[in-house]
Engineer: 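Have a look at this one.
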Amino acid sequence: MKITFKLQYHTIWGENLCLVAQDRKYPMQWNENDIWSVTLQNCTKADLEDYTYMVRKGPLIWRTEWKHHSASPAKGQTEIFDAWIDCPIAGCPFPREHQAPKFDIPGFRGSGIAVPVFSLRTEKDFGIGEFHDLRKLVDWAAATGQCIIQMLPVNDTTRDGGWDDSYPYSPVSSFALHPLYIHLQDLGIEEDDEFKKKQAALNALADIDYPKVFKAKMAYIRKAFKACGKKDMETAAFRKFVKENAAWLEDYAKFCARRDSDAPELYRWIQFHLDKQLSREVAYARKKGISLKGDLPIGVSGDSADAYVHPELFNLDSSAGAPPDYFSTDGQNWGFPTYNWTTMAEDDYAWWKARLRKMSKYFDAFRIDHILGFFRIWEIPAEYRSGLMGHFNPAMPYSPIEISSLNLPVEGLFHEDPRHPGFYQPLIGPDTSALDEDAKKRFQDLYNDFFYHRHNEFWRINAEKKLPELLSATGMLACGEDLGMIPDCVPSVMEHEKILSLEMSMMDKGRPWPYLSVCATSSHDMDTLRMQYAGSHNGEDPEPRICRNTLEEHLSSASMLAVFPIQDWLSISPSLRKKDFMSERINHPEDIHNHWKYRLHIPLEKLTGREATELNVQIQNLLKDNLRFNQ
């Protein structure tokens, strides 16, 4: 049908409007009295069910509506006259509605737990945490007045079942869930003597034995598929799942089948059950007032289904990483390709939007891992391993004329920019020993300008082209990991898009923690609270009282959310804290072959039992005293 959309909106110079329907943008025309209009010649029912308007400044999305429109025109109606939808909540700081209403309450402050799914432990597990365990964690969070559970990525990382597969930030699919998080008993696996024996042996281990767990669980999963797969695949629920996930599921299933010399049906069936199990726990959590917070890895592996099916979206000749920082003096090489943002922009970042929409089915909030990657990435040519050999992409490198005008040599100070042959970027670790004092000063000024000032506007625009597109795709609360070497343009973009920053005492940014932030005592990449204290007190284990005081300092801050690793929450309990606290760190970022094996030393059942009464009362009181108690 032919429909004309009209909207009255007063713009300033340089602004224009567009209609967005089914992720397609339709530029609108200005008419008298500030009426903007556009006509869709072949407007579909789907276009009318979900559409919105955006204000643009040149190539940038500058303003979005609070929520989307839906229209049901009468028979013969050819015009729809809309009003711009602003936030109806006085004092709400956000420009877009969140799917969890609590985040939009003015002045809302909450608290939560950070723990990887694989680290959970219950009496019914099979050597590793599962989606099924989230229910007990949700019960504990609700009982103590917390409101959010933060996880590490839960995507499939399977290659050969070895230790390298334990790395959660190297998924083989940005959409598929990890098979090891499946609860075997829900697949119909009988808990016979053999099952109980294997289960007991794996659950008795202090840490996860990833290769053993993978081998044992996958054997049972295949057994369950052989017994129940055909029947499951004939159900309406299975057919519905396959249809709704067709954009990625078929390619992923074929990718796995080629890898394992197996049938694609197995992998569709596994994903069907994973989705069912996680969706059940998500519904339970939301009913209890608990939001799950996911983690969006900045990278996707070069040997992933995504890169195999869509190689045009990736720069497969390079790896992403980070320059030297708090986490690693040699920089980091994460081992996955960088993105070809130019190609991604051609369809308005459809792959990213699909990825985020899949996440939003399970998560009400998400952490953007290394948000700097949306401004620029530290890119390392494939022939190098060290992060010291990286360069910024995109960048504005120096020409030979600019360098020679400063009477500086290229050798030892610069390297050629692979994306701009004949132009040069300063080395992150230059050798200035052969320079005289004047030359050292000239190079230092250039170095500081390049790494901290030269790109500010360039990178700001680069991020503003992407982030509004992605943030508008879902109703998840966005939180950015903005630690490390941060250019000046990042805070202003995060403020404009209302992305929560990450605040930690050990990585002070030289300003008070803002309301739109998440504060934390530590992360999976860092020492726990007790380890930090021991590091500055000759190995001494801090008393629970000291840990409690540190948590209270964070809880009393202005930050909207205070989210602590579960290890740090347990540190305030004399009876429940782990004795060997030096074994509680999850990751060492400088080691790309780190074994991600940390598992809780106590089952979650204990956290809602009598033994945890004192701990739970302490947490309740801390949250009530600091106005963070979730009713």
Side-chain angles (χ1 to χ4, degrees), residues 100 102-103 105-115 120 134-150 284-293 364-365 500 502-506 512-515 517-523 528-533 541-579 581 584 600-631:
K102 61 175 172 276
F103 296 138
I105 298 172
F108 169 80
R109 292 164 77 243
S111 183
I113 314 149
V115 60
L120 300 176
L134 289 169
R135 183 161 301 216
K136 290 182 174 59
L137 187 64
V138 165
D139 286 341
W140 182 57
T144 52
Q146 301 181 71
C147 72
I148 195 163
I149 296 171
Q150 179 175 315
Y284 181 79
R286 287 172 173 162
K287 187 177 179 180
K288 287 271 197 172
I290 306 297
S291 292
L292 302 186
K293 180 182 177 185
D364 291 332
L500 273 61
L502 177 59
E503 306 297 336
M504 292 186 176
S505 298
M506 69 188 75
W513 293 351
Y515 170 67
S517 69
V518 180
C519 70
T521 46
S522 60
S523 78
T528 63
L529 184 57
R530 292 163 74 191
M531 293 171 73
Q532 293 170 34
Y533 184 91
D541 184 7
E543 296 177 7
R545 170 185 54 80
I546 295 173
C547 296
R548 187 185 191 280
N549 290 343
T550 301
L551 294 184
E552 183 153 34
E553 288 174 7
H554 287 71
L555 290 168
S556 65
S557 72
S559 296
M560 178 178 169
L561 292 172
V563 180
F564 307 136
I566 197 166
Q567 303 96 305
D568 292 353
W569 273 125
L570 294 176
S571 72
I572 68 176
S573 169
S575 60
L576 296 177
R577 56 172 21 197
K578 188 175 183 180
K579 184 176 181 180
F581 67 92
E584 289 190 300
L600 280 172
H601 61 290
I602 56 173
L604 291 172
E605 286 88 348
K606 279 195 174 184
L607 294 181
T608 52
R610 183 176 298 176
E611 296 165 275
T613 299
E614 183 182 348
L615 168 67
N616 295 343
V617 169
Q618 279 199 74
I619 295 174
Q620 291 170 6
N621 289 339
L622 279 168
L623 300 189
K624 288 176 180 177
D625 290 346
N626 291 283
L627 304 179
R628 292 185 184 271
F629 190 79
N630 183 41
Q631 301 290 346

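We count residues from 1, following the sequence as given.
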Engineer: Using the side-chain contact (heavy atoms from CB on, under 4.5 Å) criterion, which residues pair with S573? Sequence neighbours excluded.
Structural biologist: S575, L576, L615
Engineer: What pairs with E584 under salt bridge (Lys or Arg N to Asp or Glu O under 4.0 Å), at least two apart in sequence or on another chain?
Structural biologist: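 Only R530 meet the salt bridge (Lys or Arg N to Asp or Glu O under 4.0 Å) criterion with E584.
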Engineer: Could you work out, with salt bridge (Lys or Arg N to Asp or Glu O under 4.0 Å) as the rule, every residue matching E553, not counting sequence neighbours?
Structural biologist: none
Engineer: Kindly write out the residues that satisfy side-chain hydrogen bond (donor to acceptor under 3.5 Å, both in side chains) with R545, not counting sequence neighbours, or none if the list is empty.
Structural biologist: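 So R545 forms a side-chain hydrogen bond (donor to acceptor under 3.5 Å, both in side chains) with E543.
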Engineer: Name the atoms and distances for all side-chain donor-acceptor pairs under 3.5 Å in residues 619-627, with sequence neighbours left out.
Structural biologist:
unit_1 : atom_1 : unit_2 : atom_2 : d
Q620   : NE2    : A143   : O      : 2.8
N621   : ND2    : V617   : O      : 3.3
N626   : ND2    : L622   : O      : 2.8

Engineer: Tell me which one of L604, L120, L134 satisfies side chain to side chain contact (heavy atoms under 4.5 Å, CB included) with V115.
Structural biologist: L120
Engineer: Quick one: which residue pairs count as a salt bridge (charged side-chain N to carboxylate O under 4.0 Å, His left out) with a foot in residues 600-616, not counting sequence neighbours?
Structural biologist: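 Listed once each, the pairs are K606-E611.
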Engineer: Who passes salt bridge (Lys or Arg N to Asp or Glu O under 4.0 Å) against K578, sequence neighbours left out?
Structural biologist: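 K578 satisfies salt bridge (Lys or Arg N to Asp or Glu O under 4.0 Å) with no residue once adjacent residues are dropped.
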Engineer: I'd like to check the salt bridge (Lys or Arg N to Asp or Glu O under 4.0 Å) partners of K102; sequence neighbours left out, ordered by chain and number.
Structural biologist: none
Engineer: Which distance, rounded to the nearest 0.5 Å, do you find between the CD1 of I546 and the CG of L551?
Structural biologist: 12.0 Å
Engineer: Do the side-chain N and O atoms of T528 and S522 include a donor-acceptor pair separated by under 3.5 angstrom?
Structural biologist: no
Engineer: Quick check: do N630 and I290 have side-chain heavy atoms less than 4.5 Å from each other?
Structural biologist: yes
Engineer: For W569, which residues count as a ring-ring contact (aromatic ring centres under 6.0 Å, His included) partner, sequence neighbours excluded?
Structural biologist: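 ring-ring contact (aromatic ring centres under 6.0 Å, His included) list for W569, sorted by chain: F564.
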Engineer: Keeping T144 on the side-chain end and W140 on the backbone end, is there a donor-acceptor pair under 3.5 Å?
Structural biologist: yes
Engineer: Please answer whether the main-chain N or O of M560 pairs with a side-chain N or O of R628 as donor and acceptor at a distance below 3.5 Å.
Structural biologist: yes
Engineer: Apply salt bridge (charged side-chain N to carboxylate O under 4.0 Å, His left out) to R286 and D364, showing your working.
Structural biologist: CA-CA 9 Å; R286 287 172 173 162; D364 291 332; 2.9 Å; yes
Engineer: Enter the distance from F629:CZ to Q146:CD here, rounded to the nearest 0.5 Å.
Structural biologist: 10.0 Å
Engineer: Heavy atoms, side chains only, cut-off 4.5 Å: are S559 and V518 in contact?
Structural biologist: no
Engineer: Applying ring-ring contact (aromatic ring centres under 6.0 Å, His included), can you list everything that pairs with Y533, at least two apart in sequence or on another chain?
Structural biologist: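 Partners of Y533 by the ring-ring contact (aromatic ring centres under 6.0 Å, His included) criterion, ordered by chain and then number, come out as H537.
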Engineer: Using the test side-chain hydrogen bond (donor to acceptor under 3.5 Å, both in side chains), find all partners of Y284 that sit at least two apart in sequence or belong to another chain.
Structural biologist: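 side-chain hydrogen bond (donor to acceptor under 3.5 Å, both in side chains) list for Y284, sorted by chain: D139.
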Engineer: What pairs of residues pass the salt bridge (charged side-chain N to carboxylate O under 4.0 Å, His left out) test when at least one of them lies in residues 561-570, not counting sequence neighbours?
Structural biologist: none
